[in-house]
Each structure stands twice: as C-alpha cells, then as structure tokens.
Amino acid sequence: MKYILSFFTIIGLAICAWLLYLYSHIRFELDKVINYNPRLTTQIFDKDGKLISNLFSKENRLYVNYDEIPARVIEGLVAIEDTHFFEHNGINLDAISRAIIKDIKAGALVEGASTLTQQLIKTLILTREKKIIRKIKEVLLALKLETVLSKEEILERYLNQVYFGHGYYGIKTAARGYFNKELYELNLKEIAILVGLPRAPSFYDPTRNLKFSLARANQVIQRMNTLGWINAKEYEEAMKSTPKIYDKTLTQNKAPYIVDYVLKTLKDEVKDIKTGGYEINLTLDLDAQRIAKEGLNKAHEKILKRDQYFRNLNKKRGIEKEYDEKGNELSEDRFVKNLNGSFISMENNTGKILAMVGGLNYKDSNFNRVVQSKRQAGSAIKPFIYQAALNMGYSPATKIADISRTYEYKVEDSDETKKWKPKNYGGRYKGLISLREALLYSRNLATINLVTDIGIDIVYNTLKDYGFKNMPYDLTITLGSFVISPFELSQAYSIISNNGTEVKPYIINSIKNRNGTIINFEPEKRYVISPEQAFLTKDIMHDTVIRGTGKRSKVKGLDLAGKTGTTNNNIDAWFCGFSPSIQTIVWFGNDNNVPMRRSETGGIAAIPAFKYFYKNYLKLHPEIKREFEKPDGVRTSIINGKKEYYTNTSKLPTNSIDIPKENQIQF
C-alpha cells in the first residue's frame, strides 16, 4: 500500500511539474489576446457619410467597443454558449464532467465543454484539433486569462474576433452585412441569428441556409425564455419573426475608379490601409457620381447612334466602304471600337472633387482616364492664350486678324523645310474680328495671328505660369498640340472659374485611424491673376455657352461658361466648363488614338454629358449659386453699339462710351 501511495504521489508530482513546465512555455502566447490588435476593415465614405467601399485584407472586420454592444446581444450569446460565463473562472467544471462522461461512452472526443473564454483562446491562439494536449493548453490559458482581463474585455474580444459566416468577422460587420443595421437597431430575432452563428457559421449562414439559421435562432430564443431573460410577449414575437436578409458583396464598391485613386494616393502614407481600420471621408458626392456616370454613358450612346446613322446613310448611297484622307480603307469598327470617355467635376473655390468617372466601364478597363490618360488639349487651351493677351492690355473688343497664313519651318535634325497652313473649322475666315468673337467661335486663324502678334515666347511662358508642361516651343501650341490629363486641365481651368486663384483638385477630406485621431486635408491654392482679369475670360466663355460653340450646353436657370475642344482629325473631343460654383471637364476619344468621325467635335460629343450633369445636379441641389458675379474692378462700356467689359489693364478702344455704374446690370 505504501508503495502504491508513493507511486501515485510521484505521478501526481510529475503531472504537476509537467503542467507547470507547460504553463511556463505557453503563458506568453496570451499576449495576442491581452494586447488584442486584429486586422480591421478600412471604410471609405462620401461627403454625406454614405459608404462607398470596404477595404480589407483576408478578414472583413469592423470593431465595436463593449459599451456599444446592446445588453440583449450579451444575453443571447451567454444563454446559448456559456450560461455561467459571469460566474466561472475560465472553465466550467460541470460542463467538463458531462463532456467527459459522453466522451468515455463514445470512446472518442465527441463533445466539447468550452467556455467563451476557451473559445476565444482557441480562435486566437490554438487550433480546433481535438487532442488532449491542445485541451490542456486551452484550460491553462483560460484560467490565466481570467486573472488578467475582465469578463467584459473577454466578451469584447470574442465578439470582434469570431467568424459569423459570409466573409464577416465580428458581430458589427455581421449586423451591417446580414441586416444592413447597426447593433443597436437589431431586434431579438436578428440578435438570435447572429449569436447562433459562431457554432457553425457556414452552415447557419442565413443567405445560404435560412431555414437552419432560423431554427438555430429559435433555440437561442427558447433558451433565453427558459432562463427567464425575456418575457412571454418577447418570446412569441421573436419566434414568429423572419427578418429581411441582405446578401451583399464584401467590398460594396460603388465607385471603383475612385477607390483605386484613393489607394494610389495613400499608398506611401498609409502602409496598412487594408488592415488598419481607417475611416476615410471623401469630398465625393455619390449622387453627383451617379449622374456623371449616367451622363457619360448617354453621351456615348449618342455617339454610337450617330455612327450607325452614317453607316446606314452610306449604304443607302451605295457606299460600301469608307476611306480616310489618304485613301486607306477604314474598318467597320474603326470609329467606335476603342471609344471611351472621362469626367471630372469639382468645386471651383476648393478643388473638392464631387465626381470622377475614369471610363465608360470599369470591368472592361480599370485605366482611369481622368488621371492617367494624356491627350492633346486642342482648342480647350485657347482661353488661356486669350487670358495672356488680356493680361498684356488687349480687351475683349480688340480687333485681331482672322486670315490665312502659311508658315515655313525646318524639320528637326534636317535641312528640309516644310510649310504649315492652318485652317479654321469649316475652312472659312472673317477678316478682322474682335477678340471676343475669336474665342467665342474658336477661330484657329485668329488665335494663331494673336499669338504671332504678342509673341510665342510670352504665350509659352504665360502657359508655363498657368501650370502647363511639356509644350512645344512653336505656333502649334496655339492649337493645343501638347498632351495633358483631364485632371491637370481641371486644375488649370480653376484659374478662370475661381476668379484668378488656382486650386488643385483633391478627393480625400479626412482620415480617422482606429484610435480616433483625425487628419484633415485642406485645399492647395495659388494666386495667379486678378479676379478682374479672370472675369473677362469667364464672361467670354459665358457668352460661348449663350451663342457660341458651346450653346448646346445651356441649362435653364443656371449660368454656365465653357469651351469646346477638338483636336486634328477629331481624335479628341473636350468640353471644359463651369457654373458659379462647380467646374466640369468632359473628354471623349478612342483609347488607341484612332480618329472619331468628323461629326464628333467637342460641341457634339462631349457637351451632352456636361449638360446632363448640370441639369440633374440642379434638381438635386437647387440651392447652389445660379449667377456669375462681376468684380468691382470690372466696368462696362458701349462700343459699336454693343456692351463690353473692361478693366484698368484691359482698356477698350477710344470710341467706347462708359455706362454709369448705377445702370450696369449683372450678367
């Protein structure tokens, strides 16, 4: 007997020593639970707090603090998973005893007895493999964890960590995903569905197996009723209830071009953007984004219809094939196969981007033509050339020659001399016309002659001051022969739309990290010219919409200013314009630089998207500023029977008659 006791004593001491050894080697594993730092989903919102997209890597998880979790959620979870959670010290001996008996009878590990504390440890540290050594580790770690963390801290970690099916990690994520609700908005049946999921999340996923999910939820409700935690009325209502289930995509990406741009913008500053749980608030207006996309698509449809019209017309005329100017045969899909467009709209005075559509279909191409595409500016550059002239003392009434000239130039790295004879659109010229009329009708010859008069060096340097880059130092600059992105052109046009002060377009309004620290982004502004001088160009562009090349863009009840742009052979079609508060740049063209049809000018192809946007934006925001304002330094005079504006810098010819200030009317 003595030897038997000694034997068991030795065995007991050995087991204790082994347990102490095991504990000493695993206790450091608790650091992952104690200093809990899970992967968190970053969310992107528009200016009104509407969700644009979820960004995450591997685990889609939104964090919720314990004090934000409704008591009913805690009750439901504890009722079905661990009724004595608030009483035990990490393990439930009664449950373990029952499980051991069942395991012995079955001759295998068939039933667990894990508390919520043990489940948390299993989820974060250990595996779900049913081995004795794993179970012992789990018990030891649970006992230790309960001496370090409070019950509330354990529950907070559990409800944020566990998987709820359908790609949702954490109960807050599941509530928004399955029910499109915050936790505090959930009813009892919805809570019961959620707390019943961790047992077998894929099997009980309500988007796949609603019948089994509801049955599991009813078990939760019955258990709560048995424990007396809900009354009879709550029980009956919950048992009969069938909530509406949403089957959302995990990313919920409503503006993919925007999301890509945000990721690219922040890639160097925010390394953990997909795991850090940031809240990124944008300047974007999702409603504006929607109508911008609609407008671009409708304009695209019109281009396709015109293309089909000309195809049918040629067939009626017996023209089977089409040829270019050099006699080369054109393929059937030459004009529309690679056709695409882009759209960017922003606030004039802040640069806040309200809408940005990088292409007609993101699924077909994720290339963002607003920021990545470099296209020839064409006549869209002309307002800046005329602005340079106005700043030198020219006035809107100054006469310039709209006549043809032939220019000779030497081919680079060669002795060969070539001739360049530019033309107006349509081939006609008018002789002497006012600077206003020249810009109003986008007269190429008048513009070239203007640049010749004031000097290519002055124009070139002025355009550089306005932010334009990579320009040729020759007269082709007059017709926008250099390339630029719609984003860059938008920044340049803000000089005119924002009364002489350039603003850089930006889309990120603020970023908040998981600790609540907020970084706000501010507009980048640069004074370029005086408001008075900018107004003169703005007024001519306003006149362009009223009676010039941009007249198709008119919207009733809203002042608009704009400029069309069409490059050689109709390769690019632009419309650049603005209201008193919002500026928009629209571009159409073929991605492979193949010419569009001759009919597709800036005034035909691009304007429909512009007009659609402003017409519908005005319905959404009838409160926006409707009329342009004239700065105090701008005066009005009558010249040749017509009203004209002038400033101290841009004075009118001597035959003008000033209008008294009290009789001047704002336009």
Side-chain angles (χ1 to χ4, degrees), residues 30 32-34 36 64-103 109-128 130 134-165 169-172 174-175 183 186 188 190-201 203-204 213 215-230 235 238:
L30 281 179
K32 191 174 181 180
V33 184
I34 297 168
Y36 184 52
V64 59
N65 295 315
Y66 183 82
D67 56 10
E68 299 172 312
I69 302 172
R72 272 283 185 258
V73 172
I74 303 298
E75 290 170 355
L77 176 66
V78 170
I80 197 65
E81 289 290 342
D82 189 358
T83 306
H84 300 289
F85 173 75
F86 288 99
E87 300 165 16
H88 60 62
N89 61 351
I91 61 172
N92 187 334
L93 294 176
D94 290 339
I96 290 174
S97 299
R98 290 194 300 271
I100 289 174
I101 293 172
K102 288 187 177 181
D103 289 345
L109 294 174
V110 294
E111 181 170 318
S114 296
T115 62
L116 288 171
T117 309
Q118 290 172 271
Q119 291 181 39
L120 176 61
I121 289 169
K122 188 189 306 179
T123 302
L124 268 173
I125 302 175
L126 305 176
T127 66
R128 292 184 175 273
K130 293 185 176 182
R134 200 263 316 150
K135 197 67 178 178
I136 293 172
K137 284 184 178 181
E138 183 184 298
V139 169
L140 292 173
L141 290 172
L143 290 170
K144 177 61 179 177
L145 185 62
E146 293 253 357
T147 67
V148 180
L149 297 180
S150 67
K151 293 287 188 180
E152 291 76 14
E153 289 172 327
I154 291 171
L155 282 174
E156 180 178 317
R157 285 159 173 74
Y158 177 89
L159 286 169
N160 281 291
Q161 179 61 31
V162 297
Y163 182 55
F164 285 83
Y169 288 83
I171 196 164
K172 181 176 181 177
L183 284 172
L186 299 176
L188 183 55
E190 291 165 340
I191 289 172
I193 289 175
L194 292 183
V195 299
L197 281 167
R199 175 65 63 86
F203 180 74
Y204 291 124
S213 182
R216 172 68 172 164
N218 289 341
Q219 291 177 352
V220 175
I221 295 165
Q222 289 166 354
R223 179 61 177 162
M224 293 177 75
N225 183 55
T226 300
L227 293 170
W229 292 357
I230 57 175
Y235 171 76

Do [X] and [Y] touch side chain to side chain, with heavy atoms closer than 4.5 Å?
X      : Y      : result
Arg72  : Leu188 : yes
Leu77  : Leu155 : yes
Leu227 : Glu75  : no
Leu194 : Ile191 : no
Thr147 : Lys144 : yes

Quick check: does any side chain N or O of [X] sit under 3.5 Å from a backbone N or O of [Y], one acting as donor and the other as acceptor?
X      : Y      : result
Thr115 : Gly90  : yes
Glu87  : His84  : no
Asn89  : Leu143 : no
Arg223 : Ile80  : no

Taken in chain and number order and not counting sequence neighbours, the residues that satisfy salt bridge (Lys or Arg N to Asp or Glu O under 4.0 Å) with Lys172 are none

Give the minimum heavy-atom separation between [X] and [Y], together with the two atoms involved.
X      : Y      : result
Gly76  : Met224 : CA-SD, 3.7 Å
Phe164 : Ile171 : CE1-N, 3.4 Å
Asp82  : Leu116 : OD2-N, 2.9 Å
Leu30  : Leu145 : CD1-N, 3.9 Å
Gln118 : Ala142 : CG-CB, 3.7 Å
Thr117 : Phe85  : OG1-CE1, 3.6 Å

Any chance you could lay out the side chain to side chain contact (heavy atoms under 4.5 Å, CB included) test for Tyr66 and Ile74, step after step, and finish with the verdict?
CA-CA 10 Å; Tyr66 183 82; Ile74 303 298; 3.8 Å; yes

Reported [atom1]-to-[atom2] distance for the pair [X] and [Y], which is rounded to 0.5 angstrom:
X      : Y      : atom1 : atom2 : value
Asn160 : Ile69  : CG    : CD1   : 6.5 Å
Ile193 : Asn218 : CD1   : CG    : 9.0 Å
Tyr158 : Thr123 : OH    : OG1   : 7.0 Å

side-chain hydrogen bond (donor to acceptor under 3.5 Å, both in side chains) involving Gln219 - partner list, sequence neighbours excluded
Arg216

Tyr204: side-chain hydrogen bond (donor to acceptor under 3.5 Å, both in side chains) partners, not counting sequence neighbours
none

Is it true that Tyr36 and Gln161 share a donor-acceptor pair across their side chains at a distance under 3.5 Å?
yes

Of Leu141, Val162, Val33, which meets side chain to side chain contact (heavy atoms under 4.5 Å, CB included) against Leu124?
Val33

Apply the test side chain to side chain contact (heavy atoms under 4.5 Å, CB included) to residues Leu183 and Glu68: give CA-CA distance (whole Å), side-chain angles for both, the deciding distance (0.1 Å), then the verdict.
CA-CA 8 Å; Leu183 284 172; Glu68 299 172 312; over 6 Å; no

